[in-house]
2 protein chains.
Amino acid sequence: MPYDPSDFPPFAVTVDLVVLTVRRHSLCSLAVRRGESPFKGRWALPGGFVRPDEDLAQAAARELAEETGLCVHDPAAPAQDNGAHLEQLATYGDPGRDPRMRVVSVAHLALAPDLPAPRAGGDASNARWAPVEELLGQNGYGREGEPVAPLAFDHAQILADGVERARSKIEYSSLATAFCPPEFTVGELRRVYEAVWGVALDPRNFHRKVTGTPGFLVPTGGTTTRQGGRPAQLFRAGGATLLNPPMLRPEV
Amino acid sequence: MPYDPSDFPPFAVTVDLVVLTVRRHSLCSLAVRRGESPFKGRWALPGGFVRPDEDLAQAAARELAEETGLCVHDPAAPAQDNGAHLEQLATYGDPGRDPRMRVVSVAHLALAPDLPAPRAGGDASNARWAPVEELLGQNGYGREGEPVAPLAFDHAQILADGVERARSKIEYSSLATAFCPPEFTVGELRRVYEAVWGVALDPRNFHRKVTGTPGFLVPTGGTTTRQGGRPAQLFRAGGATLLNPPMLRPEV
DNA sequence: GTGTTTATCGTCAGGAAGACGACTATGATC
DNA sequence: GATCATAGTCGTCTTCCTGACGATAAACAC
């Protein structure tokens, strides 16, 4: 299908971000409050235009840094600083998804360890970490029973897709470690799985599984008691990215 | 990040298609020959502009129908006609991927049963099914040793991503049946797995696995000897979409 | 010291998968 | 028509992984 460069339908291209973290035993997403119409005052996912000289991944990384200060892990770098995992999620281009014009949004998924506090271009009151069930508002009410306005645009769909991607991807990859600080214990990693999947896991079987998977975890030698109880060994993420056999998400 | 609708960078948005099928025991992709510069005369993936009033999935389905005559399966419809599976793959937006202008391409992956012959807008000489190893030209040479020009634009990357998606997705979903005609035998399904993964599978273990997975296959009652040998039962694809536990791809 | 919490090791039974033997029902060939 | 080659189908055996769960270890709070 040849085409004429001077004659194409005009589109705007944006990146939207699903930034997930685990706080207080629940899976949370970054949300920003819209300051303008449409959907003024409603919560939305962070995002913005792709610049003319910019790759899609670069645009997503730039937006992520602007909103959270996080830099993106270089997959080549073995030891991790305070970086986040970033990957393309999906692209949303319904003709009516933005009432003003035709906007195609390339959504990205970012996974980050628990962060001090969000900043939305310096304005913290317009950004927050919210539990995903609250943002998705299955029943239309938040955790305290207050009514919750749905996310702007089609962002509820995007968030749901991002959460589903994260839930399935930690099954067969070592990505759950992206939710953890550079050094973490087996119990902390287990609480990540429990929060993301919303289930309880047997600590003994989980310990056997993760410590028995080659390349998943490497002991640092240190221990910590920051979770209380008996001191636990500290680990770093190993080089393995694919878990074979995978972690099994309990039925129902 | 509020933005002004009247002031955004101009992008062209296209859909490109990775259309895969299994022919003569090998995984093949649809390729079309470019009639114009740039990359004139080179092979490329089929694709085209998204129209102003069109969803991304609609645009992909339209291109698929134009190139192959295939219609897309309605996931709700139980019994299958000659439709194909279609899903979004990924989006490619490097600033330099098209030398003429900034083009963002939303690639889609289609899986189809073996088809009679391709048609490229009615011109069959400019479209063909080619084994993916040949199109990806790992060594720069085709199966008869002739030099192979790489695919146009970044289409080799897109094709590689599509093939990898197909390879991994048939592990944990019933998607391999999308490569089969409406009624097929266990052996035919096994040959699909063997072609896509490029490995040999044990017929007995494969038979036990697929017939023992609830909802994967439903017997039609008929038999066929079209593969030679003892008559084999015919099956249709069952309602199950996710295989749990998954099919295991043999190590290396 | 006692109780609580978390971490870690061990045991056992059930299920799934790889390796592979055996038998069956066709068409092709002599 | 007997023989052979080809595919399909059913079983067996061993090994590995998982879920359920008992038991011990090492910290802290009182």
Side-chain angles (χ1 to χ4, degrees), chain A residues 24-25 170-172 180 183-195 197 199-236 240 242-252, chain B residues 24-25 170-172 180 183-195 197 199-236 240 242-252:
Chain A
R24 283 180 280 112
H25 288 207
I170 64 173
E171 289 187 50
Y172 58 89
C180 294
E183 296 200 349
F184 54 88
T185 69
V186 172
E188 289 164 347
L189 183 62
R190 175 169 49 81
R191 279 175 214 105
V192 165
Y193 275 91
E194 291 178 332
W197 284 345
V199 298
L201 299 176
D202 185 286
R204 297 157 292 189
N205 292 336
F206 183 87
H207 189 278
R208 177 183 60 192
K209 172 70 177 173
V210 297
T211 57
T213 300
F216 193 7
L217 303 180
V218 286
T220 66
T223 62
T224 182
T225 61
R226 62 187 172 216
Q227 299 291 338
R230 171 177 165 179
Q233 285 186 72
L234 285 169
F235 294 87
R236 283 186 299 102
L242 255 47
L243 305 183
N244 199 324
M247 297 288 305
L248 290 185
R249 175 160 31 164
E251 316 275 321
V252 183
Chain B
R24 284 181 279 112
H25 287 206
I170 64 172
E171 289 188 52
Y172 58 89
C180 295
E183 297 200 350
F184 54 89
T185 69
V186 173
E188 289 165 346
L189 183 62
R190 175 168 49 81
R191 283 181 271 280
V192 164
Y193 275 91
E194 291 178 332
W197 284 344
V199 298
L201 300 174
D202 185 286
R204 297 158 292 190
N205 292 336
F206 184 87
H207 189 278
R208 177 183 60 193
K209 172 68 179 175
V210 297
T211 56
T213 300
F216 192 7
L217 302 180
V218 285
T220 66
T223 60
T224 182
T225 61
R226 63 189 172 215
Q227 300 290 339
R230 171 176 165 179
Q233 286 187 71
L234 285 168
F235 295 87
R236 283 187 298 101
L242 255 47
L243 305 184
N244 200 324
M247 297 287 305
L248 291 185
R249 175 159 33 164
E251 317 273 322
V252 184

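Lettering of chains follows the sequences in order, A, B, ..., and the numbering in each one begins at 1.
- Going from atom CZ of B:Phe184 over to atom C1' of D:dA7 covers 17 Å, rounded to whole Å.
- The OG1 atom of A:Thr185 lies 6.0 Å from the CZ atom of A:Arg191; values are rounded to the nearest 0.5 Å.
- Rounded to whole Å, the distance from CZ on B:Arg208 to P on D:dC13 is 13 Å.
- Overall, the helix from C:dG1-D:dC30 to C:dC30-D:dG1 carries an axis bend of 10° between its ends, with five pairs at each end and the value rounded to 10°.
- Contact between A:Ala240 and A:Pro214 at its shortest, heavy atoms only, is CB-O, 3.9 Å.
- Here C:dA25 presents its P atom at 13 Å from CD of B:Gln233, a figure rounded to the nearest Å.
- Using a 4.0 Å heavy-atom distance criterion, A:Arg226 is classed as making no nucleic acid contact.
- Nearest heavy-atom pair, A:Met247 versus A:Val210, reported as atom, atom and distance to 0.1 Å: SD-CG1, 4.2 Å.
- The distance from the CG atom of A:Leu234 to the OG1 atom of A:Thr220 is 4.5 Å, given to the nearest 0.5 Å.
- Between A:Pro203 and B:Asn205, the residue anchored closer to the 5' end of DNA chain C is A:Pro203, taking for each the nucleotide with the nearest heavy atom.
- Using a 4.0 Å cut-off on heavy atoms, none of the residues of residues 243-250 of chain B approach DNA chain D.
- In terms of the salt bridge (Lys or Arg N to Asp or Glu O under 4.0 Å) criterion, A:Glu183 has no residue partners (sequence neighbours excluded).
- Atoms OG1 and CZ, on A:Thr211 and A:Phe235 in that order, are 6.5 Å from each other to the nearest 0.5 Å.
- A close approach under 4.0 Å does not occur between any side-chain nitrogen or oxygen of B:His207 and OP1 or OP2 of D:dG8.
- Atom-to-atom distance recorded for A:Asn244:CG and A:Phe216:CZ is 13.0 Å, nearest 0.5 angstrom.
- One cannot find a donor-acceptor pair under 3.5 Å joining the base of D:dG8 and the side-chain atoms of B:Arg190.
- Contact annotation: A:Lys209 side-chain N/O to D:dT18 OP1/OP2 distance is under 4.0 Å.
- For the pair A:Gln227 CD and C:dT4 C1', the interatomic distance rounds to 16 Å; values are reported in whole Å.
- Across B:His207 and B:Val186, no two heavy atoms sit closer than the pair CD2-CG1, 3.7 Å.
- For B:Arg204 against D:dG8, no side-chain N or O and base N or O form a donor-acceptor pair under 3.5 Å.
- A straight line from CZ of A:Phe206 to P of D:dA20 spans 16 Å, rounded to a whole angstrom.
- Rounded to the nearest 0.5 angstrom, A:Leu217 CG and A:Gln233 CD are separated by 10.0 Å.
- For A:Arg191, taking side-chain heavy atoms from C-beta onward, the closest of the listed nucleotides D:dG8, C:dT8, C:dT6 is C:dT6.
- One finds no side-chain N or O of B:Arg230 lying less than 4.0 angstrom from the OP1 or OP2 phosphate oxygen of C:dC23.
- If you take CG of A:Asp202 and C1' of C:dG10, they are 13 Å apart, rounded to a whole angstrom.
- The CD atom of A:Glu171 sits 10.0 Å away from the OH atom of B:Tyr172 when rounded to the nearest 0.5 Å.
- Nearest nucleotide to the A:Val186 side chain, out of C:dT8, D:dT12, C:dC20: C:dT8.
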